[in-house]
Amino acid sequence: MSEIIYFASDFHLGAPTGSESLIREKRIIAWLELIKKDASELYLMGDLFDFWFEYKHVIPKGFTRFLGKLAELSDMGIKISIFSGNHDLWMKDYLGVEINAQVIHVPQIKTFGNKTFYLAHGDGLGPGDKGYKFLKSVFTNTFAQWLFRVLHPDWGIGLANYFSKKSRMHTGKSDEEFFGEDREWLIIHSREVLQTRHIDYFVYGHRHLPYQLSLGGNSEYVNLGDWISHYTYARFDGENLRLLKYE
């Protein structure tokens with residue numbers, strides 16, 4: 001029997017309010033309870049949290065049910081890999097230590113069965129978005145992170161949550177609009193990768209619009225969508241990757 005692998009992204013726990021996030025968190029936990037029956041691996045493709053920062057002795061409050069469920073799956077032997085996204089790119093070793101998850105910060109090429117996967121959150125890939133690429137270089141700078149870390153967590157986390165909400169207000173619904181294959185940066189990036197090697201499935205988060213399309217040559221592009229509006233995920237059964245919706 002083939003191993004079953006699941007992929008999901010963009011939970012944005014913590015947004016837009018604690019009460020609304022809790023409803024979504026419970027829905028995610030119900031989905032995790034469902035997939036634990038046959039999952040061998042789980043790939044969470046970034047932006048699990050609307051903001052996340054690991055101080056030496058402090059992490060953001062909340063998400064207890066979610067983290068506990070991940071720990072349960074890990075203890076069952078389900079391998080969990082977590083990609084950092086643009087909202088939670090400050091992940092360090094906490095989730096690795098606590099739930100034995102592999103925390104990943106860069107695109108990965110993996111082979112499952114006889115299929116090759118290109119996996120990434122998707123932020124900063126492809127052409128364009130130069131403003132964000134500059135900001136990401138600042139946010140990932142070790143000195144800039146040290147400066148943020150010296151702030152008291154009450155100030156630092158409060159400030160970060162404020163700017164995270166401002167960012168969502170600025171982008172609005174644009175993350176859910178399809179701009180066409182010639183204007184979607186991740187599709188362009190995928191086609192560039194295909195010029196150097198064959199990939200069966202490109203799997204991304206970041207763009208909140210779930211869709212799956214052929215890139216030609218038995219290669220497919222999959223965007224996982226989000227759990228704010230769409231509640232979508234992907235399931236690989238050893239032969240095919242399907243984009244599904246949790247009802």
Side-chain angles (χ1 to χ4, degrees), residues 8-33 42-75 80-106 120-124 132 135-171 175 205-206 208 224 226-229 231:
S9 186
D10 291 83
F11 297 161
H12 286 274
L13 291 174
T17 65
S19 58
E20 290 178 76
S21 173
L22 180 57
I23 294 171
R24 187 162 67 256
E25 183 179 3
K26 290 180 177 179
R27 191 168 190 170
I28 293 165
I29 290 167
W31 172 70
L32 292 172
E33 178 68 20
L42 171 63
Y43 282 82
L44 299 175
M45 303 297 298
D47 284 357
L48 305 187
F49 310 101
D50 205 52
F51 170 73
W52 183 267
F53 191 91
E54 296 177 21
Y55 296 86
K56 186 174 181 179
H57 299 295
V58 175
I59 61 167
K61 291 171 63 175
F63 326 122
T64 305
R65 296 167 180 82
F66 173 63
L67 295 174
K69 178 58 70 173
L70 289 184
E72 177 190 338
L73 268 59
S74 178
D75 289 345
I80 299 174
S81 298
I82 299 175
F83 282 72
S84 59
N86 50 301
H87 280 257
D88 49 19
L89 55 81
W90 296 283
M91 286 185 179
K92 298 296 183 183
D93 62 351
Y94 176 77
L95 297 176
V97 171
E98 291 296 322
I99 63 174
N100 197 34
Q102 181 183 16
V103 177
I104 302 169
H105 299 283
V106 295
H121 178 64
D123 59 312
Y132 169 71
L135 283 177
K136 185 173 182 178
S137 70
V138 174
F139 292 155
T140 54
N141 179 272
T142 54
F143 180 67
Q145 291 181 5
W146 178 84
L147 287 176
F148 186 84
R149 188 171 279 110
V150 298
L151 291 174
H152 189 282
D154 286 350
W155 284 90
I157 294 174
L159 186 66
N161 283 331
Y162 170 78
F163 282 108
S164 179
K165 291 176 182 177
K166 292 285 285 185
S167 174
R168 284 196 310 278
M169 291 172 62
H170 176 70
T171 56
D175 284 339
H206 191 50
H208 287 206
L224 296 168
D226 67 17
W227 281 67
I228 297 174
S229 303
Y231 315 105

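Side-chain atoms are counted along with the backbone in the values below, which use heavy atoms only and exclude waters and symmetry mates. Residue numbers start at 1 and run along the sequence shown. Since this is a predicted model, take the numbers as computed values, not measurements.
- Under the 4.5 Å side-chain criterion, counting only non-hydrogen atoms from C-beta, Asp47 is in contact with Asn86.
- Within the model, atoms CH2 of Trp227 and CG of Asp10 stand 12.0 Å from one another, a figure rounded to the nearest 0.5 Å.
- Within the model, atoms OG of Ser84 and CH2 of Trp90 stand 10.5 Å from one another, a figure rounded to the nearest 0.5 Å.
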Please table the atom pairs, donor to acceptor, closer than 3.5 Å between any side-chain atom in residues 64-72 and protein atoms at least two apart or in another chain.
| residue | atom | partner | partner atom | Å |
| --- | --- | --- | --- | --- |
| Lys69 | NZ | Glu33 | OE1 | 2.6 |
| Lys69 | NZ | Glu72 | OE1 | 2.9 |
| Glu72 | OE2 | Lys36 | NZ | 2.6 |

(request) Check the pair Leu13, Ile28 against side chain to side chain contact (heavy atoms under 4.5 Å, CB included), reporting the backbone distance first and the verdict last. (result) CA-CA 10 Å; Leu13 291 174; Ile28 293 165; 4.0 Å; yes
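- Interatomic distance, CD1 of Ile104 versus CZ of Phe83, reported as 4.0 Å (0.5 Å rounding).
- Scanning both residues, Gly14 and Arg24, for their nearest heavy atoms gives N-NH2, 4.4 Å.
- With values rounded to the nearest 0.5 angstrom, Ile59 atom CD1 is found 13.0 Å from Phe53 atom CZ.
- Using a 30° and 60° split on the angle between ring planes, Trp31 and Phe11 fall in the perpendicular class, above 60°.
- Contact record, Met45 with Ser9: O-OG, 3.3 Å, taken as the closest heavy-atom pair.
- The shortest side-chain heavy-atom distance between Met91 and His105 falls under the 4.5 Å cut-off.
- From Ser21, atom OG reaches atom CD1 of Ile228 across 9.5 Å, with rounding to the nearest 0.5 Å.
- Leu95 CG to Asn100 CG: the interatomic distance, rounded to the nearest 0.5 Å, is 11.0 Å.
- Between His12 and His208, the ring planes are tilted. Angles from 30° to 60° get that label.
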